[in-house]
Number of protein chains: 2
Amino acid sequence: MLGSIKLFNENGFVNVTLRDIAKEVSISTGNLSYHYKNKGAILQAAYQRMAQELNGMLGAVQIIPNFKNINEQVLPFFEFQVRYSFFYVDILELTRAYPDLAKTYQAQTQRFLESIKAMIDYNVGTGNLFPERIPQAYDKLAHTIWMMMVFWLPQQKVRGIVQDGRQARDTIWNLIGPYLTEKGRNVYRTAIKA
Amino acid sequence: MLGSIKLFNENGFVNVTLRDIAKEVSISTGNLSYHYKNKGAILQAAYQRMAQELNGMLGAVQIIPNFKNINEQVLPFFEFQVRYSFFYVDILELTRAYPDLAKTYQAQTQRFLESIKAMIDYNVGTGNLFPERIPQAYDKLAHTIWMMMVFWLPQQKVRGIVQDGRQARDTIWNLIGPYLTEKGRNVYRTAIKA
DNA sequence: GTCTATAGAGTGATAGAC
DNA sequence: GTCTATCACTCTATAGAC
């Protein structure tokens with residue numbers, strides 16, 4: 001499984017053959033097919049591994065979504081994204097070819113969006129963010145943040161540049177900046193110092 | 001050419017065979033191969049058509065990048081994106097398989113980013129946007145806007161939803177909102193009214 | 001369970017007649 | 001220029017021996 005994820009990350013899902021995977025893990029293709037019904041089953045297993053890890057990360061930050069905890073989970077998320085880059089890079093290709101995967105991921109996405117929105121609401125509650133002034137402004141902000149997180153790696157690959165995860169983090173905080181209260185700015189400053 | 005773009009949009013580049021294209025435009029595959037050296041050449045031609053159209057749009061708004069002109073070009077851009085959805089949906093796959101295309105598109109991207117930044121600077125100059133208070137805040141904002149524009153269609157496809165281009169436009173304006181001066185808010189209100 | 005060998009279905013691209 | 005026919009190759013998945 002780790003062998004196939006490695007190859008998917010390096011060459012892209014469609015460019016990895018069953019022969020490649022078998023060779024990588026030092027078994028025959030026949031043997032590989034014995035353990036996984038077809039290529040889709042291998043992908044499914046890789047995705048399950050990934051989804052489990054992601055849920056763990058989301059869960060950790062949801063307990064107390066203050067700036068400090070959020071900030072500490074952002075970098076691990078981008079490292080996670082690199083470890084499963086095959087998915088984020090080929091996400092359109094994969095969801096088109098495997099409708100079941102698409103459905104599962106859509107549900108995952110919904111939870112992700114809602115947890116971002118919950119983090120915003122929590123920090124409005126603590127007085128770190130201004131109450132919503134323009135209707136739906138925070139829904140749009142949550143949507144933007146989600147897009148930045150999910151498509152950060154793709155944009156990097158497309159532009160052919162290598163960026164530190166911290167640049168992603170700073171760009172996202174920059175979106176939140178204008179909504180910080182005086183108290184929020186202080187909390188933010190101490191949160192990112194650590 | 002339009003026939004191949006249609007098929008690429010519907011099924012994705014990798015899922016369209018030379019036979020499919022030949023059938024779509026009612027010629028033989030042999031004939032198709034006579035006119036285009038290989039599949040990459042067909043893609044190249046499709047991309048050139050697309051790039052030309054995009055440059056026209058960027059040029060139109062660059063002349064006077066006030067809110068009215070920007071706002072009027074945003075919706076056409078998202079319609080353009082639908083017309084060439086094969087590119088935006090398969091962008092990672094395509095740039096990986098065709099390094100020449102990747103290079104060309106990276107230059108295109110650079111121009112796109114710079115023109116967004118120029119629009120921001122222009123509106124700081126007219127007093128519609130506050131001068132930059134936090135260093136690089138506007139570079140990050142430009143980057144975010146670019147990502148929203150380029151990955152809007154992909155995020156729609158991944159989530160399996162259909163959205164109006166106006167939602168994309170509103171989400172982008174929502175990013176700019178916090179930086180509007182009093183004057184800028186008035187200009188914006190009259191600009192979007194038309 | 002693991003292997004080798006191969007079936008079976010495609011694909012991109014070319015050869016050669018017209 | 002346009003066609004038909006086909007080459008050469010690749011891939012997934014299976015059959016059958018061990």
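Here is how names work: the chains are called A, B, and so on, in the same order as the sequence lines, proteins then strands, and each is numbered from 1.
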What I want to find out is whether [X] reaches [Y] closely enough, with some N-O distance under 4.0 Å, to be called a salt bridge.
X	Y	answer
B:Glu72	B:Lys68	yes
B:Arg185	B:Glu182	yes
A:Glu53	A:Arg49	no

Going 5' to 3' along DNA chain D, which nucleotides are the first and last within contact of chain B (any atom under 4.0 Å from a heavy atom)?
-> D:dG1 to D:dT6
Ring-face cation of A:Lys39 near A:Tyr98 (centre distance under 6.0 Å, axis angle within 45°) | no
Kindly confirm or rule out a cation-pi arrangement of A:Lys157 over A:Tyr88, judged by NZ or CZ under 6.0 Å from the six-membered ring centre and within 45° of its axis?
-> no
Centres of the B:Phe130 and B:Tyr179 rings: under 6.0 Å?
-> no
Within residues 15-35 of chain B, the residues having a heavy atom closer than 4.0 Å to DNA chain C are B:Val16, B:Thr17, B:Leu18, B:Arg19, B:Gly30, B:Ser33
A:Phe86: which of A:Asn11, A:Leu7, A:Leu43 passes side chain to side chain contact (heavy atoms under 4.5 Å, CB included) = A:Leu43
